[in-house]
Amino acid sequence: MISNREISKILYEIGEYLEIKGVMFKPRAYEKAGYSVENLEEEVAEIYKKNGLKAVEDIPGIGVSIALKVEELLKTGRLKYYEKLKKSFPVKIGELSAIEGMGPKMIFKLYKKLKIRSIKDLEKAAGAGKIAVIAGFGKKTEEKILKGIEFLRKSGGRFLLGVVLPQARSIENRLKELKHVNRVAIAGSLRRMQETIGDLDFLVTSKKPKEVMKFFVSMPEISHIYSQGQTKTMVRLKSGIDADLRVIPDISFGAASQYFTGDKRHNITIRALAERKGFKLNEYGLWRGEKLIAGETEEEIYKSLGMVTPSPEIRNDSGEIQVALQNKLPKLIGYGDVRGDLQVQTNWTDGENSIEEMAESAKSAGLEYIAITDHTKSLAMTGGADEKKLLKQMAEIDQLNSKFQALNSKFRILKGAEVNILKDGMLDIKDEVLAKLDVVGIAVHSHFNLSRAEQTKRIIKAMKNKNADILFHPTGRLIQKREPYDVDVEEIIKVAKETGTILEIDADPYRLDLKDEYIRKAVAAGVKLSINTDAHSKNSFHYLEFGIAQARRGWAGKNDIINTRPWPEMLKLLKTKQNIKNKIA
DNA sequence: GCCGTTTTCGGCCCGACTGTTTTCAGTCG
């Protein structure tokens, strides 16, 4: 079965081949279709299977012609049109265009002149000085290509949100302190709080752009200056990420924020909408002819276009514009709305700190409660707890809670565990002990390579355990390190609804699991979620911000997240408690 | 090749900067 990712990759590549051939407009059509498929919630294969060709045509950006091509791909796993293009121009186009500064035109020229087909060819030619001598190229272009290849190898081109955000805020703060600077904002994928960040975008309003630029390029973390102008400067930081700075007038601050926050698809759609309404929208404002209609705030721009302002996290042209035009945007969970953390590891297993240290740290992070969820026995490498150890830990938690009460603190430690799901879907702790816990998390930590059907069946079996409250990190992925295990998340969501199992949004910056698209599905299905840090150290409670961002990108509201409630209310939403209540009633 | 709160035909986002030019093409966001 061919996946959305594979289909979108082929559509993107077709767009690039057509671009090289100088075909008008079609490249953008294919790019748009590729993007649309890439960001689709449902597998195109499923859509086609269920509702046929017409349903594929209903996907935005896909019309009769591309739908037929997708059908061919689904049926045969191949696409003659694509193969013909590849044959006519036998170059690894996806690979080459991933290099910073390499576009279709350069790829074309390099193939014509030097028969360059791959990064390997390109590196060899650049290293031998063969590129600098081609007309239209030069020494600098050659150097830039070599650097681009090096960067691509080193980083895969993107950085984790959790790694980048502190760096960006540090720069933001220094810009704010500058004398000639009035306003500062972070824009781009960072403002959208994407899982991974390609580069940093800073916006500054100032009457003395030259001074600001001078400061920016002389910051200690700068390793390279790509370009430096009056309004735009681009640099590389020593950490490896690129950063752009734009200086704009105050009157354009909102317009620039809107323009540079994106994403690209959102902006294209918004600008087309503006044009239809007789405006022109650029980074300096919303214009009718020569007249500035709006520009100082994003809100007045969106308002002039007849819509409410979508939160940056959901600006990706996935329906937010239509909903905003109808003033029906959901109220997203706020960054201060989470009251407790339901996945916390301690030095009872693989965490660094004691239960008390974790509790104290959570308290000073503003939380009202945490659940201690150490690993269980079949995860031997962590010293996972057996029934006896769990009971002992529960006793210690009781003591600590008494201590908090004696000190007049309302902070509460809940008893929990991260219980292993065995290969056959059984849990590795006896039910009578699980029943004594406040919060039972269940998780897959082994047998990642089961077939989709087996993996799904196994997890569902575990979810059906009446003591299993929350499915931790439901897909097991580690961003840029490990693919998710093959599991039918749609089915998991369905079963979560049926069984009252909570799905976790693991806020660890490497996990961010569930993904936004599944969060949106779960929310739509009425499944409850919890945002947890998965903290293994007392310094990790700030992960909550990443988890909340993830929830916002999945259109989740405060009510969709159980741990936005005080702990007594939160517990009532857990399956275990519901069962007990049902039994009593 | 796609799409429609002006359109089923005629459009398709827009501006900054670099490098290699001698007035501009290419790339990026």
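Bear in mind that the values here come from a model prediction, so they are computed numbers and not experimental data. Each chain gets a letter, A, B and so on, in the order its sequence line appears, and its residues count up from 1.
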Review point. B/dG1 pairs with which nucleotide, Watson-Crick or G-U wobble, both distances below 3.5 Å?
Key: B/dC12
Check your understanding: Any side-chain donor paired with an acceptor under 3.5 Å for A/Glu43 and A/Tyr48?
Key -> no
Practice item. Nearest whole angstrom, please: distance from the P of B/dC9 to the CZ of A/Phe25. Key: 18 Å
Check your understanding: A/Asn267 CG to B/dC12 P: how many Å, rounded?
Key -> 17 Å
Review point. Distance only, no hydrogens: is a donor on one side chain within 3.5 Å (strictly under) of an acceptor on the other, for A/Ser118 and A/Glu95?
Key: no
Point to revise | Contacting residues from residues 301-329 of chain A, given that a heavy atom lies under 4.0 angstrom of DNA chain B | key: none
Point to revise | Residues forming a ring pair (Phe, Tyr, Trp, His ring centres under 6.0 Å) with A/Phe260, sequence neighbours excluded | key: none
Review point. Considering only the P atoms, how many Å lie between B/dT20 and B/dA16, rounded to the nearest integer?
Key: 22 Å
Study note, to complete from the structure: side-chain contact (heavy atoms from CB on, under 4.5 Å) with A/Leu245: of A/Leu175, A/Val184, A/Ile171, A/Asp201, only one passes, and it is A/Leu175
Check your understanding: Please, which pairs that meet salt bridge (charged side-chain N to carboxylate O under 4.0 Å, His left out) have at least one residue in residues 109-131 of chain A, sequence neighbours excluded?
Key -> A/Glu123-A/Arg153
Check your understanding: Quick one: salt bridge (charged side-chain N to carboxylate O under 4.0 Å, His left out) pairs with a partner in residues 161-188 of chain A, sequence neighbours left out?
Key -> A/Arg169-A/Glu545, A/Glu172-A/Lys176, A/Arg174-A/Glu221
Review point. For A/Leu18 and B/dC2, what is the distance between atoms CG and P respectively, to the nearest whole Å?
Key: 12 Å
**Study point:** Aromatic plane relationship, A/Phe108 with A/Phe89 - under 30° parallel, 30 to 60° tilted, over 60° perpendicular
**Key:** parallel
Point to revise | Atom C1', compared across B/dG1 and B/dT6: separation rounded to whole Å | key: 22 Å
**Study point:** Residues forming a ring pair (Phe, Tyr, Trp, His ring centres under 6.0 Å) with A/Tyr284, sequence neighbours excluded
**Key:** none
Review point. By a strict heavy-atom criterion of less than 4.0 Å, which residues belonging to residues 75-93 of chain A are in contact with DNA chain B?
Key: none
Exercise for review: Could you list all the salt bridge (charged side-chain N to carboxylate O under 4.0 Å, His left out) pairs where at least one residue sits in residues 202-220 of chain A, not counting sequence neighbours?
Suggested key: none
Study note, to complete from the structure: Whole-Å distance, A/Lys147 NZ to B/dT18 P, equals 15 Å
Revision key, fill the gap. Residue set satisfying ring pair (Phe, Tyr, Trp, His ring centres under 6.0 Å) with A/His224, at least two apart, ordered chain then number -> A/Tyr226
Check your understanding: How many Å lie between CD on A/Glu143 and C1' on B/dT18, as a whole number?
Key -> 14 Å
Practice item. Determine, stepwise, if the pair A/Ile107 / A/Ser97 fulfils side chain to side chain contact (heavy atoms under 4.5 Å, CB included). Key: CA-CA 8 Å; A/Ile107 293 173; A/Ser97 61; 4.0 Å; yes
Exercise for review: Output yes when at least one side-chain N/O atom of A/Asn282 is less than 4.0 Å from OP1 or OP2 of B/dC14, else no.
Suggested key: no
Check your understanding: Between B/dC9 and B/dG15, how far is it from one C1' atom to the other, in whole Å?
Key -> 29 Å
Point to revise | Inter- and intrachain pairs under salt bridge (charged side-chain N to carboxylate O under 4.0 Å, His left out), touching residues 239-267 of chain A, at least two apart | key: A/Glu31-A/Lys264, A/Glu31-A/Arg265, A/Arg236-A/Asp242, A/Arg246-A/Glu283
Distances under 3.5 Å between nitrogen or oxygen atoms of protein and nucleotides 3-7 of chain B:
| from | atom 1 | to | atom 2 | distance (Å) |
| --- | --- | --- | --- | --- |
| B/dC3 | OP1 | A/Gly61 | N | 2.6 |

Revision key, fill the gap. Protein heavy-atom contacts under 4.0 Å, written 5' to 3' over nucleotides 20-29 of chain B as B (base), S (sugar-phosphate only) or - (none), form the string SS----SSSB
Check your understanding: How many Å lie between OH on A/Tyr35 and P on B/dC2, as a whole number?
Key -> 19 Å
Check your understanding: Can you name the residues that form a side chain to side chain contact (heavy atoms under 4.5 Å, CB included) with A/Glu72, not counting sequence neighbours?
Key -> A/Thr76, A/Leu79, A/Lys80
**Study point:** Same-atom distance (C1') from B/dT8 to B/dC2, integer angstrom
**Key:** 12 Å
Point to revise | DNA chain B: 5'-proximal contact among A/Ser227 and A/Lys280 (nearest heavy atom) | key: A/Lys280
**Study point:** Rounded distance in Å between the P positions of B/dT21 and B/dG26
**Key:** 13 Å
Practice item. Examine the side chains of A/Gln258 and A/Tyr302 and answer whether a donor and an acceptor come within less than 3.5 Å of each other. Key: yes
